[in-house]
Amino acid sequence: MSEDVAADALKRFFGFDGFLPGQREIVEAALAGRDALALMPTGGGKSLTYQLPATLLPGVTVVVSPLIALMKDQVDRLLANGVAATAITSALDPDERERREQAALRGAYRLLYVAPERLVNPSFLRLLDTLHSQQGIALFAVDEAHCVSEWGHDFRPEYRKIGAVRARYAGVPMLGLTATATERVRADIVEQLRLREPLIHVASFNRPNLRYDVRQRGRAAYRELLVALRDLRRDNPDAPAIIYCQTRRGVESLCDKLLEDGVRAAPYHAGLAPEQRTRYQDDFIHDRTTTLVATVAFGMGVAKPDVRMVAHMDTPRNLESYYQESGRAGRDGDPAHCLLFYSPGDRARVEYFIEGMSEEQQPIARQQFQRVLSWAMESDCRRRGLLAYFGEELAEENCGACDVCLNPTEREDRTVDAQKLLSAVARTEQRFGLMYVVSVVRGENKKVIRERGHDQLSVYGIGANQSMEEWRRLGYALLAQGMLAEGANGSSAYPTVRLTPLAWEVLRGNERVEVARAREQPRVPRRGEAQLDTTAFDLFERLRALRRELADEAQVPAYVIFPDATLRALATRRPETRQQFAQIPGVGEAKIAALAGAFLPEIRAFCDERGLESWPEVESDENAAPAPRVTEASRASGAGLGGGRGASARETLDLFRAGLSLEEIAERRNLTRTTLVGHLCDMLNAGEELDLTRLMSADRLRAIEDAFARLGASPLSPVKEALGEEVSFDDLRLVRAALRKPSP
Ligand code: ADP
Ligand code: ZN
């Protein structure tokens with residue numbers, strides 16, 4: 001047993017092997033009974049700094065949190081990690097509230113979440129008195145502590161009274177937490193919460209996993225947004241995105257447009273009925289809609305960690321709020337995109353708000369807005385400008401992840417190439433998607449091209465000397481510059497491209513086309529990020545589907561089961577035993593108990609299907625613990641289809657042939673549908689025949705075969721994207737396996 005109780009609990013409850021910067025100091029302060037103030041950016045890992053002490057200290061940790069949704073999210077995650085926690089909120093009916101209060105007095109919880117209003121309420125204080133004398137209060141944690149300050153961006157008067165509660169339990173340490181870093185707010189928090197000689201931890205506010213992208217809002221802004229969304233979703237069709245508009249009207253109209261363009265979007269603003277708003281928010285959190293179009297009011301109460309893009313369609317009022325709102329992307333540390341469309345023309349709208357402010361505040365607000373505009377119009381690193389606002393300096397010259405640092409100012413003339421691509425669009429009668437046109441320009445040898453006679457066109461093969469990627473980039477640039485437009489394509493989800501009047505000017509030689517020169521994009525190191533190879537990606541997709549099932553069953557958001565980073569680690573490390581499972585970051589004891597039974601068989605089945613060994617050795621780097629070796633015996637049993645696992649696939653096939661549905665087999669064999677589909681794919685690959693129309697309609701089967709012929713069978717995501725919602729990856733895998741010739 002190690003002496004390091006904090007590190008032990010970190011592994012046991014949260015599954016992490018090390019602390020993020022600053023976490024250990026704050027945890028140790030709390031354990032030592034010292035007050036602390038933690039200033040860390042969103043995603044910096046603040047919650048752990050009081051949750052971990054709560055698992056170790058005797059008594060209850062009382063967490064003050066401003067919003068019910070935030071409390072609920074944290075409680076869900078704690079319970080999933082095997083830490084007893086609850087929230088006492090106004091949303092509970094009196095019986096349930098009473099029940100939770102009594103349970104708290106009996107010592108049933110390590111953490112108790114309350115809103116500031118409740119905390120300072122006399123009858124709740126009486127409960128706290130009893131709790132303190134019976135169980136002891138271990139720690140007060142005040143989340144979103146900047147709400148105490150008028151200088152912060154979310155002043156909440158009730159926060160002012162927390163200081164008095166602090167005085168009532170003088171011996172209990174208090175920890176304030178916020179992602180707001182200005183000097184002024186910091187001083188205010190210490191004073192208002194009456195922190196005593198607190199440890200003050202100021203983390204860097206740099207968010208290296210966020211890529212900033214600031215553009216002047218032109219007429220093509222909407223199209224640029226669509227292109228950005230499509231880029232985002234090339235590998236992960238479900239990547240969550242938030243798009244902010246200033247007004248309700250803006251929200252509604254943008255949302256409508258997105259829906260027309262096939263984006264699964266939902267609106268969120270104060271004008272909606274509360275139930276409706278809650279439903280849209282829930283749909284977003286549970287990944288039923290991918291894109292939330294919202295006023296900036298949305299997000300404060302939502303801690304969804306896997307938001308991959310935050311776009312602003314209007315100029316924010318100040319840099320602080322832009323930092324906070326854009327910072328709702330990528331809390332999990334994975335890469336995310338922050339896209340801002342600004343316009344000096346927004347001044348009039350902002351002025352309207354400013355006029356509603358007090359005399360003293362008006363000049364400050366105007367100055368702050370001006371600062372946003374100059375930051376946006378400057379051609380200096382975006383990150384440097386943002387950090388400077390918080391008094392922090394960026395060490396590197398080139399941040400490697402903002403439009404200024406990434407985009408060469410150099411532009412090149414691509415008029416001739418653009419003419420080639422545009423005329424290919426014209427010659428194919430504006431009836432096909434961009435990638436099809438590109439394959440014609442590149443002269444690809446494809447059956448579909450020959451069948452349509454497009455190999456006879458003069459444009460066939462005129463661009464064979466450039467890569468598909470290069471043509472795609474040019475195509476996107478033409479879309480963004482308004483020379484190509486996308487249109488719906490009958491019932492297909494695959495948009496066609498057509499020429500705009502501007503395109504005809506280019507073709508006539510009246511208009512030139514300039515495009516930023518392609519450049520190797522410098523990469524920033526990112527916590528946890530790793531590129532997955534194809535195999536790992538396939539397994540990742542399967543594990544993601546499994547996570548979805550488990551999350552739906554437990555009625556929690558997917559990230560409560562496991563964050564993406566954990567799925568990635570599972571997909572690359574392929575643990576076979578519980579011990580190996582335990583070594584994956586994010587897998588603590590409660591998760592082993594609850595989830596090993598679902599994830600390990602899935603991984604094992606995948607290994608069998610592909611003839612892969614489980615838990616392969618990793619290339620050692622100094623920090624990594626040596627990977628346990630796989631024994632010869634386990635390797636032998638994992639290989640190919642001959643062994644025990646092949647028998648499992650065979651059994652599935654036999655049951656299926658006997659007329660059972662996959663659902664029935666799933667129930668009978670206690671396996672997930674995905675595992676069974678894996679078995680069937682396996683048997684198909686091994687040369688068995690299967691009537692796929694028992695699993696999907698003949699129409700769908702044909703549509704998938706067509707899509708494979710058009711787009712190739714690997715990777716699957718573009719095919720999925722082309723075919724849309726109803727077609728699942730399972731369907732695609734089955735058809736792909738059926739099309740493949742059995743290996744001799
Ligand atoms: P904040 O409240 O500061 O925005 P969170 O507490 O939500 O941040 O944590 C952000 C993310 O970092 C979460 O996905 C969390 O699981 C992860 N995380 C926290 N602590 C660690 C750690 N020590 N090691 C790895 N990941 C961590
Ligand atoms: Zn930069």
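Side chains included, hydrogens not; waters and symmetry mates left out as well; all remaining heavy atoms used.
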Is there a side-chain contact between [X] and [Y], using heavy atoms and a 4.5 Å cut-off?
| X | Y | value |
| --- | --- | --- |
| Ser47 | Gln74 | yes |
| Val63 | Tyr50 | yes |
| Leu394 | Asn206 | yes |
| Ile603 | Arg574 | yes |
| Gln51 | Val83 | no |
| Thr49 | Leu177 | yes |
| Phe16 | Leu48 | yes |
| Asp332 | Tyr559 | no |

Nearest atoms (heavy-atom pairs only) where [X] meets [Y]:
| X | Y | answer |
| --- | --- | --- |
| Ala241 | Leu232 | CB-CD2, 4.3 Å |
| Arg383 | Ala401 | NH2-O, 3.1 Å |
| Ala84 | Leu79 | CA-CD2, 4.2 Å |
| Arg166 | Leu193 | CG-O, 3.5 Å |
| Phe562 | Phe581 | CZ-CZ, 3.9 Å |

Identify whether the distance between the nearest side-chain nitrogen and carboxylate oxygen of [X] and [Y] falls below 4.0 Å.
| X | Y | answer |
| --- | --- | --- |
| Asp143 | Lys46 | no |
| Arg77 | Asp73 | yes |
| Asp188 | Arg186 | no |
| Lys304 | Asp287 | yes |
| Arg234 | Asp231 | yes |
| Asp403 | Arg215 | no |
| Asp564 | Arg568 | no |

What orientation do Tyr169 and His132 show, parallel under 30°, tilted 30 to 60°, or perpendicular over 60°? perpendicular
Quick one about [Y] and [X] (side-chain donor to acceptor, distance below 3.5 Å, no hydrogens or angles considered), yes or no?
| X | Y | value |
| --- | --- | --- |
| Tyr113 | Arg118 | no |
| Gln324 | Glu320 | yes |
| Glu325 | Tyr244 | no |
| Tyr159 | Gln192 | no |
| Asn236 | Arg308 | no |
| Ser149 | Arg156 | no |

Return the [atom1] to [atom2] distance between [X] and [Y], rounded to the nearest 0.5 Å.
| X | Y | atom1 | atom2 | value |
| --- | --- | --- | --- | --- |
| Ser326 | Arg207 | OG | CZ | 8.0 Å |
| Ile592 | Leu600 | CD1 | CG | 9.5 Å |
| Leu57 | Ile137 | CG | CD1 | 12.5 Å |
| Leu229 | Thr290 | CG | OG1 | 7.5 Å |
| Asp35 | Glu197 | CG | CD | 9.5 Å |
| Leu37 | Leu199 | CG | CG | 8.5 Å |

Taking the six-membered ring for Trp, are the ring centroids of His312 and Tyr322 within less than 6.0 Å of each other? yes
Neighbour count >12 (heavy atoms, 6.0 Å) for atom CD, Gln579: no
